[in-house]
Structures are given as structure tokens and as C-alpha cells.
Amino acid sequence: MTDRKELLERAQSIEESLHPYDLVVDGAPIWPVLRVTVCNRSLRGEMKPTGPPPRSGAGKNLRTLGHGALQWRRSRLSARPGGLLFLTERSYWTQSTQGTTDRFALPLMQAASELGVPSTLVVKDPVAKALVDLPEGTTTIRLDEALRARALHHWRRPVEPLRHIPGSGPVIDALASSYAKEPVAFLAKAVHGFRMHLRTWRSALRAFRPDHVFVTCWYAVENMAIAQAAHELGIPCTDVQHGVQGPAHFAYGNWMAMPSTGCSTIPSHFWCWDAGSADNIRSWAPAGHHRAFVGGAPWIEEHGLAPGQRTSGALRVLVTLQPVARPIPAVLTEAIRQMGNGCHWTIRTHPRAAEQAEQARQWAKEEGLLPWITVEGAEAEPIGSSLAGTDVHLTLYSSVALEASLCGVPTIALDPLAGDLFPDLLGNGSLVIRTSSEALVAELARTPANGMHRTTLPPLRERVQGFLARTSTTVNTR
């Protein structure tokens, strides 16, 4: 299988030789859409294609269109101009003591509220109950039905071939040669979806008129459209770090030969957890564009207290799974057997793969490992709380390695790719790579119970105030 590094280098070669940033659809540069989509598709052949909502009967479709139109109208009437706009969806949610909340947006909204800056939260997925813990005065806008209705209408239109894009021929030929013809056909659907999102968010941001937009996972096609719409309106758009942002990432790795004015489908700013993530972005961002700010990981800081003393002889190991074909490697099974009562293992599912919980329980039962295993759903427990009760973090190459380092918890990676994704963690000793059961058991045997020194930053209120001041967002500094 082609590895991540090689896939990224192929895209970077196209950037250096063909300058694909000039490819424009509906006034927006689409090279970021093409690069991220083709690399992800080539790495994960089972990646779900961009496409219309599931088919329904004519009556249900009419109801969807009607409810969506009403919700779209209500959103415009309830919008409050100014302030910060955050977008939330199911994969960002977690459980607090009060109910469901957004672990990325909430801390920043609370700090902004203390500064007198109001927030609007746009909810893109259906939610049974209102999200909790929101600061007083927050405007909540539901768009789940409206977005579904717009998708239903948009995908009735035919998907245009990529070669209809002026000047696209050499880039398409290079993509077909470097990746495969089938992923290139896949890209036409991604661009078709991007056009839908661009129309949606141009209209929405004109109506909502925020001072600043925050997205999480900017390289989702919809968020690229949001970045473009914000750019056109002169609104800062910030990507809030949610995981790895290293040089081997398809979206955060080096963007070669980028124009000196940047690329408008990439956010204007990045809120980063640590200096390593920020420095990586600065290494390729043109001067004055795509600015990176070290703001820390507020949710982890609040919920991921430094690890406490071990209360028994068992080392506490948190295993974070990933959405891959074989999330539980054979090396883990053998290591658990060898450690026996010396370790207790918490197997945590990936936020986008809830089905892993049952798979993990069945695996533990079949392998006779139940006495040493606890299975934890990602939505049931904040990752910071899990890390607070952990002596060591174990994964293939999950971005939880970054969160663990912020909490003073060392990481053992089972896949060499982790070294490419987290070179800073590998360099400072907070991450090691062990690929055999023997090496893993030996590493666990010498892992300290009290973790490492924890990173400290100024109070979040001060960080948010400084960040908003740098991005020209109006702040009440009373």
C-alpha cells in the first residue's frame, strides 16, 4: 500500500511543476479540495464518496425541502450581527455533567463571553436536546434541516467533469498519472459538493454578518467553502486544532509554491495547541497569511488534569483506536497477555467509529482478555478525563498523542507513521515507537506512573483576548 508520505509528495510535485492554485471554480481556488480529497481517497479506498442524501420517497423529500426552507428563513431572522461564529457537528460533541456540548467551541465561547464578545453557535447535525453549558447570551442557530434540503436540491444537478474547468487539463492528467483514474472521477463529485457549500455559506455569512468565523477540521470540503466565503467578505476565519497538524498531514503538510497572497480556501488563521504545530504551518505560509497562534488545548486543560499517583500495582493504559480496517493490531493482543495483571487497558473508540465498541468487546471475549479490558466510547467520556486517569497512552498514530503530551502522559505508538506525524513529540521523548509485542512490553515495564512535565500557558481569557486583538476582531476589554 502507498504510504502517506509518498501520496503527499506526489501532490507537492504537482504544486511545484504546474502551479494548480490558479484553478478556479465559481471564483474560488479549488486545489486544496483536489489535493486533500485525492490523497485521502488514495490512502483509504473505502472512503465514502461525496454525494446526495439517501434517497427517500417523493412525499418525504417534499417535507425535507419545506422544513429546510422554513429553518433557513428562521436562521436569518434569529441571527445577531457581530461577535464570533462557531460551527458544530456531532463528531465534535462530548458529554459533560450537564449533557452534550462541543469540546472545541465551548471553552473559546466562554472566554470570549468574559471579554464581552458574544457568540453564535451554528448546529449542523440533528441533536435531541439543546447543547449545554453555553455562555449566557449565546445565539444558537439550527441548520441541520436547511443543509439537508439544500443538498437534496443541489444534487439533482449533473456533476460536471473536471476538464470543464479552464486550464485544468495538465493538472488532471498529472493527478490521473500520479494517483489513478478512479480517484480523479471521485474528485468531480467533491468539487460539485464544494460548489453547493460555497453558495450556501456565501449566503449564510452575508446574513449572519459575524466578526470572526471558527471552524474545526478546515480541510473538510464544507469548511474550505466557509473559508472562501469569509475571505470574500473580509471576515477572519480560524481553524481550531482538533488533532495532528504535522508535516505528514495532507492538509497541514507543506503547501509548495503557494502564491505570496496565500490561498483563500485555506483559513486566514490557525489556533494551535503547541509550538510544534504552529511552527509547521509557519514553515509554508506566506508572510502575513494563514497565521498560526499558539493558544493551547482549552478543553484538555480543563478536563485533563495531570495524572495522579497509581492507586494499585496495575499500570493504566489508554488505547485510542483509529478508523482503519484493523483498529486492534495483533501486537496489542500479545502484549496484554504478557502483562497480565500488571496493566489495566482502556480501549477507547474513535469519535467517527462507534461500532468499534462492540468489536472491541467481542475481540476481548474471544481472546480471553476481559479481566484486563474496559471499553470506552469516545462520546461517553471527555478525552481529557480519560487521560487524567492514565499512566501511558497507546495508539497506532492517533492525534491523541498531542493531547496526551499536553497532559503529561507519554505515548507509545505502534506504527512508524507516528514519527512522520509527530516529529516534535518523538524528538522531545514524549512519544516512542514500538512495533513488536516484546518491545512494547519492555517499554511499559519502564513507564513512570507520574508522567512528564505538563505544558503551562497564560489563562485562557488572556490568550483569547490576545488572539482576537491580532485578528482585528472587536473586543470589549472592560
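- Inter-residue side-chain proximity for V123 and E89 is flagged as unmet; no heavy-atom pair is nearer than 4.5 Å.
- With sequence neighbours left out, the side chain to side chain donor-acceptor pair (under 3.5 Å) criterion links W218 to no other residue.
- Taking D415 as the reference, L396, Y397, L417 meet the side-chain contact (heavy atoms from CB on, under 4.5 Å) condition, with sequence neighbours excluded.
- Residues A149 and L65 share a closest heavy-atom pair of O-CD2, 3.6 Å.
- The backbone N or O of W93 sits nowhere less than 3.5 Å from a side-chain atom of D102 that would complete a donor-acceptor pair.
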Kindly indicate, with the supporting measurements, whether the criterion side chain to side chain donor-acceptor pair (under 3.5 Å) is fulfilled by N61 and T64.
CA-CA 5 Å; N61 285 343; T64 296; 5.0 Å; no
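- Applying the 6.0 Å contact sphere to NE2 of H153 captures no more than 12 heavy atoms from other residues, nucleotides or ligands.
- A donor-acceptor contact closer than 3.5 angstrom is absent between the side chains of Q228 and D26.
- Between P286 and S260, the shortest heavy-atom contact is CB-O, 3.4 Å.
- You'll find the side chain of E15 reaches within 4.5 Å of the side chain of W31, heavy atoms only.
- Formation of a donor-acceptor pair under 3.5 Å by the Q245 side chain with backbone atoms of Y252 is not found in this model.
- A donor and an acceptor atom, one from each side chain of S264 and H231, are nowhere located under 3.5 Å apart.
- In H67, the NE2 atom is not crowded: 12 or fewer heavy atoms of neighbouring residues, nucleotides or ligands sit closer than 6.0 Å.
- Sorted by first and then second residue, the pairs that involve residues 217-226 and meet salt bridge (Lys or Arg N to Asp or Glu O under 4.0 Å), not counting sequence neighbours, are K124-E222.
- One N or O on the side chain of T265 and one on the backbone of P29 form a donor-acceptor pair closer than 3.5 Å.
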Could you walk me through whether L8 and R4 pass side chain to side chain contact (heavy atoms under 4.5 Å, CB included), step by step?
CA-CA 6 Å; L8 181 56; R4 182 182 292 269; 5.6 Å; no
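- In this structure a side-chain-to-backbone donor-acceptor pair under 3.5 Å is present from T349 to A378.
- Ring to ring, Y21 and H19 are close: their centroids are under 6.0 angstrom apart.
- With a 4.5 Å cut-off on side-chain heavy atoms, H393 and I412 do not count as touching.
- R163 pairs by the side chain to side chain donor-acceptor pair (under 3.5 Å) definition with D173, not counting sequence neighbours.
- No side-chain heavy atom of H290 sits less than 4.5 Å from a side-chain heavy atom of H269.
- Here the straight-line distance linking atom CG of L85 with atom SG of C237 works out to 9.5 Å at 0.5 Å rounding.
- Within the 4.5 Å cutoff, the side chain of T94 has heavy atoms near those of the T101 side chain.
- Applying the salt bridge (Lys or Arg N to Asp or Glu O under 4.0 Å) test to every pair with at least one member in residues 227-250, sequence neighbours left out, gives these pairs: R202-E232.
- Atoms CG and OG1, from D211 and T120 in turn, are 10.0 Å apart once rounded to the nearest 0.5 Å.
- Around atom CZ of R157, more than 12 heavy atoms belonging to other residues, nucleotides or ligands sit under 6.0 Å away.
- For the pair L406 and E301, the minimum side-chain heavy-atom distance is 4.5 Å or more.
- A donor-acceptor distance shorter than 3.5 angstrom exists from the side chain of R463 to the backbone of P458, with no hydrogens or angles considered.
- Between the side chain of Q110 and the backbone N or O of L134, no donor-acceptor pair lies under 3.5 Å.
- Comment: R142 engages D144 in a salt bridge, judged by a side-chain N to carboxylate O separation of less than 4.0 angstrom.
- E16 places no side-chain N or O within 3.5 Å of a backbone atom of M256 that could act as its donor or acceptor partner.
- Here I172 contributes atom CD1 and I14 contributes atom CD1; the two are 11.0 Å apart, rounded to the nearest 0.5 Å.
- The closest side-chain heavy-atom distance from Y92 to C217 is below 4.5 Å.
- Both cation-pi conditions hold for R35 and W255: the charged atom is under 6.0 angstrom from the six-membered ring centre and inside a 45 degree cone around its axis.
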Show your working on side chain to side chain contact (heavy atoms under 4.5 Å, CB included) between T411 and S405 and close with a plain yes or no.
CA-CA 8 Å; T411 290; S405 71; over 6 Å; no
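- Side-chain atoms of S113 do not come within 3.5 Å of backbone N or O of M109 as any donor-acceptor pair.
- The OG atom of S203 sits 3.5 Å away from atom CZ of R76, with the distance rounded to the nearest 0.5 Å.
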Working for ring pair (Phe, Tyr, Trp, His ring centres under 6.0 Å), residues F467 and H212
CA-CA 11 Å; F467 176 71; H212 199 132; 5.8 Å; yes
Step-by-step side chain to side chain contact (heavy atoms under 4.5 Å, CB included) determination, I165 to V171:
CA-CA 11 Å; I165 302 170; V171 174; over 6 Å; no
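- Looking at T395 and T320, their side chains do bring a donor and an acceptor atom within 3.5 Å of each other.
- Summarising the geometry of L460 relative to A111, their closest heavy-atom pair is CG-CB, 3.9 Å, with the distance given to 0.1 Å.
- No donor-acceptor contact under 3.5 angstrom links the side chains of T261 and H289, judged on distance only.
- Without hydrogens or angle criteria, N40 side chain to V36 main chain gives a donor-acceptor distance under 3.5 Å.
- The list of salt bridge (Lys or Arg N to Asp or Glu O under 4.0 Å) pairs with a residue in residues 280-296, not counting sequence neighbours, reads D279-R282.
- In this structure, T471 contributes its side chain and L468 its backbone to a donor-acceptor pair below 3.5 Å.
- At least one test fails for R470 against the ring of F293: distance under 6.0 Å to the centre or angle within 45° of the axis.
- To the nearest 0.5 Å, the span separating OG1 on T216 from CZ on R103 amounts to 9.0 Å.
- Here the shortest heavy-atom pairing between A188 and V159 reads O-CG1, 3.5 Å.
- In this structure, P247 and L421 approach most closely via the heavy-atom pair CD-O, 4.4 Å.
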After noting the C-alpha distance and the side-chain angles of W201 and L87, does the key distance pass the side chain to side chain contact (heavy atoms under 4.5 Å, CB included) rule?
CA-CA 12 Å; W201 288 101; L87 298 104; 3.2 Å; yes
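- A 4.5 Å side-chain heavy-atom check between V213 and P210 finds at least one atom pair inside the cut-off.
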Assess the residue pair H249 and Y219 against the criterion (ring pair (Phe, Tyr, Trp, His ring centres under 6.0 Å)); give the C-alpha distance rounded to whole Å, side-chain angles, the decisive distance to 0.1 Å, and a yes or no.
CA-CA 11 Å; H249 195 288; Y219 51 91; 4.9 Å; yes
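- In summary, the side chains of S386 and E376 do present a donor paired with an acceptor at a separation below 3.5 Å, with no hydrogens or angles considered.
- With hydrogens and angles left out, the side-chain atoms of R199 and H154 include a donor and acceptor closer than 3.5 Å.
- Closest approach of W271 to P298, counting heavy atoms only: NE1-CD, 4.1 Å.
- Taking CG of L402 as the start and OG of S277 as the end, the distance is 5.0 Å to the nearest 0.5 Å.
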